[in-house]
Amino acid sequence: MKKVKKELVVTCDKGKCRLALLEDDGVAEVYLEKSRRRSIVGNIYVGRITSVLPGMSAAFVDVGVGKNALLYLQDLVLMEDGSHVRPRKIGKALNAGDTIVVQVTKDPMSGKGARLTTYISLPGRLMVYMPQSKRSGVSRRLPDRERTRLKNMQRELKPPEGSTIIRTAAAKARKKDLQRDMDYLVRQWEETRKNIADAKPPKLVYGEPDLAVRVVRDTLTRDFKTVFVDNKTEVGRIRDYLNRSAPELLDRVQHYKEKETLFSRFGVDKAIEAALRRKVGLPSGGHIVIDEAEALTAIDVNTGSYTGKKSLEDTVLKTNLEAAVEVVNQLRLRDIGGIIVIDFIDMEVPENRTKVLETLESELERDRTKTQIVTLSRLGLVEMTRKNVTEGLADTMGRTCPRCEGRGLIFDDK
């Protein structure tokens, strides 16, 4: 992959921050939170089981955030003699009224409660610490040579208990950098354990940091050029975090003092406005149409005003290749998750279908969110999934129209 110029912009007002990740001066990702509710993904709670549902292999858990959260059997891991044991039936492991320690893996969405796991993990900037696990690992996104180097250091840096997963951000990290990150996470877990011992359910025992620090932790790497922040207090918070976790990146943080707002200066406001539309234009005149439904997101590719010059197959191929790039841009910008179906324009030549699929896969390598392409059919349909953790851009910024209930239609009274 070619080297990409990366920047992060952080704008804060009335105690709430919004962030945007820029790649080659274009807006790649936007991080927002609803004014009435912040994300609880990553939080650890001591909860109380309210009911066990054998028919769903799940249990409802009260963690004190309103609607009861859901714990599926597949996310339940019991510790016996230091080994991980997953029970065959949830009713044999859990009972209503039981106290349980859980971590949120998915925010409440579409009227559904949060999703939980008992497999606890604490994320740092360079690694993820798993106090219950015995399996270590290194991100597969790193080159083989770098993975080998980090694995060798990982063998020497073992936490008192549990294991670690080295993140992509650890590329070129030194041993002392990894040691610092691990020590910080181990201390966090020790504090969390003390909170668990004293907690009466439902109780929050570990809370993820505010949005700005969380995004800096999860995205900032050595290849970032600058982090622009327009709020003095937030500059201090981010620098305090980096001073503990990555002092070498402190010089990247700059206090933005210009009159023009950060989001206006870097075109973020315009990018968000465009991302809320169904129709997105392509460079040659074609366009894609994005329709988000509850079960899946459908993306349609059209040639639009582009008529090409050589042949129909060439026109279609160019449009599909441009669409493959733009689809990934929009998935990241809108934070679309779940099942995604892309209706590329039908191509007669098998090699051209392969080119489109390879372009899509190549672009998805830039996406930190887990994705999986299932298939590209002969009709040009691509079925894929993208991990759904929090609400997307549209749901975060707006709400369903109460009159048409999201259908986009107003029916006549007659």
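Scope of the values below: all heavy atoms of this structure, side chains included, with no hydrogens, waters or symmetry mates. Residue indices begin at 1 and follow the sequence shown. These figures come from a predicted structure and were not determined experimentally.
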Tell me whether [X] is salt-bridged to [Y], with the criterion being a basic N under 4.0 Å from an acidic carboxylate O.
| X | Y | value |
| --- | --- | --- |
| Glu234 | Arg237 | yes |
| Arg368 | Asp218 | no |
| Arg222 | Asp177 | yes |
| Arg265 | Glu258 | no |
| Glu146 | Arg149 | yes |
| Glu248 | Arg180 | yes |
| Arg386 | Asp335 | yes |
| Arg217 | Glu208 | yes |

What's the spacing between [X] [atom1] and [Y] [atom2] if we round to 0.5 Å?
| X | Y | atom1 | atom2 | value |
| --- | --- | --- | --- | --- |
| Arg239 | Leu250 | CZ | CG | 7.5 Å |
| Thr226 | Asp251 | OG1 | CG | 9.0 Å |
| Thr233 | Ile238 | OG1 | CD1 | 11.0 Å |

Report, as yes or no, whether the 6.0 Å neighbourhood of atom [atom1] on [X] holds more than 12 heavy atoms from other residues, nucleotides or ligands.
| X | atom1 | result |
| --- | --- | --- |
| Leu357 | CG | yes |
| Asp144 | CG | no |
| Glu348 | CD | no |
| Tyr72 | OH | no |

* Start with the C-alpha gap between Thr50 and Asp62, add the side-chain angles, then the distance that decides, and say whether side chain to side chain donor-acceptor pair (under 3.5 Å) holds. => CA-CA 6 Å; Thr50 59; Asp62 177 15; over 6 Å; no
* With a 4.5 Å limit on heavy-atom distance, are the side chains of Val9 and Leu19 in contact? -> no
* To do: Without swapping roles, check the side chain of Thr117 against the backbone of Asp75 for a donor-acceptor pair under 3.5 Å.
  =>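 Yes; judged by distance alone, with no hydrogens or angles, the pair exists.
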* Asked: Under the 3.5 angstrom rule, does the side chain of Gln103 hit a backbone N or O of Ser121 as a donor-acceptor pair?
  -> yes
* To do: Output all residues satisfying ring-ring contact (aromatic ring centres under 6.0 Å, His included) with Phe228, sequence neighbours left out; order by chain, then residue number.
  =>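 Only Phe266 meet the ring-ring contact (aromatic ring centres under 6.0 Å, His included) criterion with Phe228.
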Can I get a per-line list of side-chain donor-acceptor pairs under 3.5 Å for residues 122-129, giving both atom names and the distance, sequence neighbours left out?
unit_1	atom_1	unit_2	atom_2	d
Arg125	NH1	Leu220	O	3.0
Tyr129	OH	Glu161	O	2.7

Can you tell me if [X] and [Y] form a side-chain donor-acceptor pair at under 3.5 Å?
| X | Y | value |
| --- | --- | --- |
| Thr303 | Thr319 | no |
| Asp183 | Gln179 | yes |
| Asp230 | Thr11 | yes |

* **All side-chain hydrogen bond (donor to acceptor under 3.5 Å, both in side chains) counterparts of Asp25, not counting sequence neighbours** =>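 If we apply the side-chain hydrogen bond (donor to acceptor under 3.5 Å, both in side chains) test to Asp25, skipping adjacent residues, the hits are Lys5.
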